Amino acid sequence: MQTLLTYLILIAAMGYALWRGYLAIRQNNDPCYGCSGCALKEAQKRAIRKKADCPQKK
């Protein structure tokens, strides 16, 4: 019984570590990293939209 409980705890810990690693990689270039609604995040979204809407001149 103790072995089964140990394996379940290890599996849960590994799953959590993998999930947090995935989130860290996915949000690599995000300066807010998990923060929602702050002024910096809104300014960054506007800058990205403005850059995407601007046609490139050659």
Side-chain angles (χ1 to χ4, degrees):
M1 184 66 178
Q2 289 177 343
T3 306
L4 178 64
L5 187 59
T6 302
Y7 286 139
L8 289 175
I9 291 171
L10 287 174
I11 290 171
M14 288 182 359
Y16 179 74
L18 289 172
W19 176 250
R20 294 302 298 177
Y22 168 75
L23 289 179
I25 291 170
R26 192 178 88 197
Q27 297 176 347
N28 188 25
N29 293 328
D30 187 7
C32 295
Y33 187 66
C35 175
S36 62
C38 67
L40 177 63
K41 186 128 183 142
E42 292 302 318
Q44 182 185 21
K45 284 181 183 178
R46 278 184 298 216
I48 290 172
R49 272 189 253 129
K50 185 176 180 181
K51 189 176 184 180
D53 293 340
C54 181
Q56 290 181 341
K57 296 180 181 179
K58 291 185 178 183

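The shown structure was predicted, so the numbers you read here are calculated from the model rather than taken from an experiment. Quick note: residue numbers are just sequence positions, from 1.
Applying the 4.5 Å side-chain rule to ILVMFWY residues, one finds Leu4 in the same cluster as Leu8. Leu5 belongs to a hydrophobic cluster whose remaining members, ordered by chain and number, are Ile9; membership requires side-chain heavy atoms of ILVMFWY residues under 4.5 Å apart, directly or through intermediates.
The line from CE of Met1 to OG1 of Thr6 is 10.5 Å long, rounded to the nearest 0.5 Å.
Annotation: ring pair (Phe, Tyr, Trp, His ring centres under 6.0 Å) contacts of Tyr16 (sequence neighbours excluded): none.
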